[in-house]
Colleague: 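Supplied in structure tokens, the structure appears directly below.
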Amino acid sequence: MTTAHEDPDALAHSERLQALIRDEIRAAGGAIPFSRFMELALYAPGLGYYSAGAIKFGREGDFVTAPELGALFAECVAEAVAPVLRGIGEDAWFVELGGGSGRFAEHAIGRLLAIDAMPARYAILEPSADLRERQRAHLERRLPPAAFDRVAWLDGPVQTRWRGVLFANEVIDALPTPRFALRGGEVYEEHVALDAQGAFAIVDRPADALLAAAVRHVERQLDAPFADGYRSELLPQLPYWVQAVIGGLQAGALLFVDYGHPRREYYLPQRTGGTLRAFRRHQLREDVLAHAGLQDLTASVDFTALAEAGTGAGFEFAGYCNQASFLIGNGLAQRLAEHEARAPDEAARYALRQQVKTLTHPDAMGERFQAMGFARDTEFGHAFLAGDLSHRL
């Protein structure tokens, strides 16, 4: 529904994207998989939510990620990966998937420099040309010239042989995800079609062999088959995505931070509609088909599937814990103390404590967000010594 305060330019932008999606639906014979709708809504060149120029991150955008709160999150990640980077030596790379506003890179690089663990190259794989330019401008303003010279932007995964760390914060939740439904014991896939008025509408089509097999794989690990009418998300392409983003990584670590659940909690019988949701202006929106290009679409991560994908790619499982445990285990108290000691006044110290509360409190990010790591020819288990949750996978 259009409200009086909607920006006419934003609505016109959304209508252009909707027209592109309608054309694709018609060209496909009347329906496209929901995953394709999500891909276009988020990533269509120049029109998708992450491809266009609107502010996404921070208090002026649609959501706040951990790096937007301040320096503590990025500095704890830097502490976690520093032993890996030092062990690899002078040719180490750090590859960040999706650089957001650039604030994570700013604070991570600052800490890596401070603890003598700065890699030879800090690379950001950022598909959005608009975000790439914002990141570049932000980092050029904030970093010493010698550090900025080590930052590079990638058009795709590093295909040459490399060693180092691959890091992704809130990336997997934004991968275009298929949606499945059980009807009469058979697996269907949600598609997006057009109703009589030309509006987007969900319809079910028989699932292809890949999605159907993935659903049956999940069912075998649960206590009972999915009930008739059950709907949720599943990423059968996750193993292929992990393999792709690793590129030519020969030795090092993978670190993923995102919101989600281990498989048995993800597919609880009572979670009959899945985890897919939309966010706009910090508000949860029920209609995931509305305002294409103006709202974020996201689904929680099945961390059991991520564990399968990482080990399937030839890496050793290093650990799994919630975000609070990960940050506490990687120096959060020490980082907070140092920042408080440098804070100019009590208001700044209060802001730091609020940052910690948001990052670690169970009702905020502390338990909803989780961290998982993998390693190849290096040791990374030290990063997950606090609050190990691998038994829940």
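Model, not experiment: these values are computed from the prediction. All values below come from the heavy atoms of this structure, side chains included, with hydrogens, waters and symmetry mates left out.
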Colleague: Going by ring pair (Phe, Tyr, Trp, His ring centres under 6.0 Å), name the pairs with one or both residues in residues 139-176, residues two or more places apart or in two chains.
Modeller: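 The answer is Phe104-Phe167.
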Colleague: Would a hydrophobic clustering, with Ile, Leu, Val, Met, Phe, Trp and Tyr connected at side-chain separations under 4.5 Å, put Leu276 with Leu40?
Modeller: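 In one cluster: yes.
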Colleague: Verify, without hydrogens or angle tests, whether Gln250 (side chain) and Gly248 (backbone) share a donor-acceptor contact under 3.5 angstrom.
Modeller: yes
Colleague: Enumerate the ring pair (Phe, Tyr, Trp, His ring centres under 6.0 Å) contacts for residues 175-216, please, sequence neighbours excluded, ordered by first and then second residue.
Modeller: Phe37-Phe200, Phe180-Phe226
Colleague: Taking ring pair (Phe, Tyr, Trp, His ring centres under 6.0 Å) as the definition, give me every residue that meets it alongside Phe326, ordered by chain and number, with sequence neighbours left out.
Modeller: Phe384
Colleague: Could you tell me whether Arg231 and Asp204 have a side-chain N and a carboxylate O separated by less than 4.0 Å?
Modeller: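 Yes, Arg231 and Asp204 are salt-bridged.
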Colleague: Is there a path of hydrophobic side-chain contacts, each under 4.5 Å between heavy atoms, that joins Leu47 and Leu289?
Modeller: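 Both belong to a single hydrophobic cluster.
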Colleague: Working to the nearest 0.5 Å, report the span between CG of Leu336 and CD of Glu340.
Modeller: 4.0 Å
Colleague: Would you mind checking if Arg264 and Asp223 are paired as a salt bridge, meaning a charged N to carboxylate O distance below 4.0 Å?
Modeller: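 Result for this pair is yes, salt bridge flagged.
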Colleague: Okay, side chain of Glu379, backbone of Gly381: is any donor-acceptor separation there less than 3.5 Å?
Modeller: yes
Colleague: For residues Gly185 and Asp228, report the shortest heavy-atom separation together with the two atoms involved.
Modeller: N-OD1, 3.6 Å
Colleague: Can you name the closest pair of heavy atoms from Leu249 and Gly164 and give their distance?
Modeller: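 Taking Leu249 first and Gly164 second, the nearest heavy atoms are CD1-N, 3.7 Å.
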Colleague: When you measure from the side chain of Gln370 to the backbone of Glu367, do you find a donor-acceptor pair of N or O atoms at a distance under 3.5 Å?
Modeller: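 Yes.
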Colleague: Could you pull out all donor-acceptor pairs under 3.5 Å where a side-chain atom in residues 299-308 meets a protein atom, sequence neighbours excluded?
Modeller:
{"from": "Ser300", "atom 1": "OG", "to": "Arg277", "atom 2": "NH1", "distance (Å)": "3.2"}
{"from": "Ser300", "atom 1": "OG", "to": "Arg277", "atom 2": "NH2", "distance (Å)": "3.4"}
{"from": "Asp302", "atom 1": "OD1", "to": "Thr304", "atom 2": "N", "distance (Å)": "3.0"}
{"from": "Asp302", "atom 1": "OD1", "to": "Ala305", "atom 2": "N", "distance (Å)": "3.2"}
{"from": "Asp302", "atom 1": "OD2", "to": "Arg263", "atom 2": "NE", "distance (Å)": "3.0"}
{"from": "Asp302", "atom 1": "OD2", "to": "Arg263", "atom 2": "NH2", "distance (Å)": "3.2"}
{"from": "Thr304", "atom 1": "OG1", "to": "Arg263", "atom 2": "N", "distance (Å)": "2.9"}
{"from": "Thr304", "atom 1": "OG1", "to": "Leu393", "atom 2": "O", "distance (Å)": "3.1"}
{"from": "Glu308", "atom 1": "OE1", "to": "Arg263", "atom 2": "NH2", "distance (Å)": "3.2"}
{"from": "Glu308", "atom 1": "OE2", "to": "His217", "atom 2": "NE2", "distance (Å)": "3.4"}
{"from": "Glu308", "atom 1": "OE2", "to": "Gln221", "atom 2": "NE2", "distance (Å)": "3.4"}
{"from": "Glu308", "atom 1": "OE2", "to": "Arg263", "atom 2": "NH1", "distance (Å)": "3.0"}

Colleague: Do the side chains of Asp91 and Arg163 get close enough for a salt bridge, i.e. N-O under 4.0 angstrom?
Modeller: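 A salt bridge is present here (some side-chain N lies under 4.0 Å from a carboxylate O).
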Colleague: Is the NZ or CZ atom of Arg150 both under 6.0 Å from the centre of the six-membered ring of Tyr122 and within 45° of that ring's axis?
Modeller: no
Colleague: Around Gln270, counting heavy atoms of other residues, nucleotides and ligands shown, do more than 12 lie under 6.0 Å from its CD?
Modeller: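 Buried by this count: over 12 neighbours within 6.0 Å.
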Colleague: I'd like to know if the side chain of Glu106 and the backbone of Arg141 have a donor-acceptor N/O pair within less than 3.5 Å.
Modeller: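 Checking the backbone N and O of Arg141 against the side chain of Glu106, no donor-acceptor pair under 3.5 Å is found.
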Colleague: Does Leu166 form a side-chain contact (heavy atoms from CB on, under 4.5 Å) with Val245? I'd like the steps, not just the answer.
Modeller: CA-CA 9 Å; Leu166 179 85; Val245 297; 3.9 Å; yes
Colleague: Under a 4.5 Å side-chain heavy-atom rule over Ile, Leu, Val, Met, Phe, Trp and Tyr, are Val257 and Leu85 clustered together?
Modeller: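 Yes, same cluster.
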Colleague: Show the nearest heavy-atom pair for residues Glu189 and Ser35, with the distance to one decimal.
Modeller: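 What the structure gives for the nearest pair is OE2-OG, 4.2 Å.
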Colleague: Looking at residues at least two apart in the chain, or sitting in another chain, which of them share a salt bridge (charged side-chain N to carboxylate O under 4.0 Å, His left out) with Glu346?
Modeller: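 Only Arg349, Arg353 meet the salt bridge (charged side-chain N to carboxylate O under 4.0 Å, His left out) criterion with Glu346.
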Colleague: Quick test of your reading of the model: are Arg36 and Glu39 salt-bridged, counting only N-O distances below 4.0 Å?
Modeller: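 A salt bridge is present here (some side-chain N lies under 4.0 Å from a carboxylate O).
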Colleague: I'd like to check the side chain to side chain donor-acceptor pair (under 3.5 Å) partners of Ser14; sequence neighbours left out, ordered by chain and number.
Modeller: Gln18
Colleague: Short question: side chain of Arg271, backbone of Tyr266 - any donor-acceptor pair under 3.5 Å?
Modeller: yes
Colleague: Is the number of heavy atoms from other residues, nucleotides or ligands within 6.0 Å of CG (Asp195) greater than 12?
Modeller: yes
Colleague: Is a side-chain donor or acceptor of Ser51 paired with a backbone partner of Gly46 at a separation under 3.5 angstrom?
Modeller: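 Such a contact is absent between Ser51 side chain and Gly46 backbone.
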Colleague: Taking only residues two or more places apart in sequence or in another chain, which ones pass side chain to side chain donor-acceptor pair (under 3.5 Å) with Glu316?
Modeller: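 Partners of Glu316 under the side chain to side chain donor-acceptor pair (under 3.5 Å) test: none.
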Colleague: Who pairs with His382 by ring pair (Phe, Tyr, Trp, His ring centres under 6.0 Å), at least two apart in sequence or on another chain?
Modeller: Phe380
Colleague: So if you build clusters from Ile, Leu, Val, Met, Phe, Trp, Tyr with side-chain heavy-atom gaps below 4.5 Å, do Leu255 and Trp241 land together?
Modeller: no
Colleague: Quick check: does any side chain N or O of Ser128 sit under 3.5 Å from a backbone N or O of Tyr50, one acting as donor and the other as acceptor?
Modeller: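 At least one qualifying donor-acceptor pair exists.
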Colleague: Do Val158 and Ile124 sit in one hydrophobic cluster, given that two such residues count as connected whenever their side-chain heavy atoms are within less than 4.5 Å of each other, even indirectly?
Modeller: no
Colleague: Please work out which of the three classes, parallel, tilted or perpendicular, describes the rings of Phe374 and Phe256, given edges at 30° and 60°.
Modeller: perpendicular
Colleague: Regarding Ser101 and Glu68, do their side chains bring together a donor and an acceptor under 3.5 Å, going by distance alone?
Modeller: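 There is such a pair (donor and acceptor under 3.5 Å, judged by atom type) between the side chains of Ser101 and Glu68.
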Colleague: Donor-acceptor pair, distance only, cut-off 3.5 Å: does the side chain of Asp258 make one with the backbone of Asp173?
Modeller: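 Present.
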Colleague: Does Glu126 pair with Arg132 as a salt bridge, N-O distance under 4.0 Å?
Modeller: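 The answer is no: the pair does not qualify as a salt bridge.
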Colleague: Sort and list the pairs that fulfil ring pair (Phe, Tyr, Trp, His ring centres under 6.0 Å) and have at least one residue in residues 340-371, not counting sequence neighbours.
Modeller: Tyr259-Phe369
Colleague: What pairs with Ser390 under side chain to side chain donor-acceptor pair (under 3.5 Å), at least two apart in sequence or on another chain?
Modeller: Asp388
Colleague: I'd like to check the side chain to side chain donor-acceptor pair (under 3.5 Å) partners of Arg216; sequence neighbours left out, ordered by chain and number.
Modeller: Glu219
Colleague: Does anything in residues 73-82 form a side-chain hydrogen bond (donor to acceptor under 3.5 Å, both in side chains)? List the pairs, not counting sequence neighbours.
Modeller: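 Listed by first then second residue: Glu75-Arg335, Glu75-His339, Glu79-Arg111.
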Colleague: Where do Leu235 and Pro178 come nearest, in terms of heavy atoms and distance?
Modeller: CD2-CD, 4.1 Å
Colleague: Specify the closest pair of heavy atoms between Ala212 and Val187, including all atoms of both residues, with the distance to one decimal.
Modeller: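 Of all heavy-atom pairs spanning Ala212 and Val187, the closest is CA-CG1, 4.1 Å.
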Colleague: How close do Pro239 and Pro236 get, counting heavy atoms only, and between which atoms?
Modeller: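 Closest approach of Pro239 to Pro236: CD-O, 3.4 Å.
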Colleague: Would you find a donor on one side and an acceptor on the other, under 3.5 Å apart, between the side chain of Asp296 and the backbone of Ala278?
Modeller: no
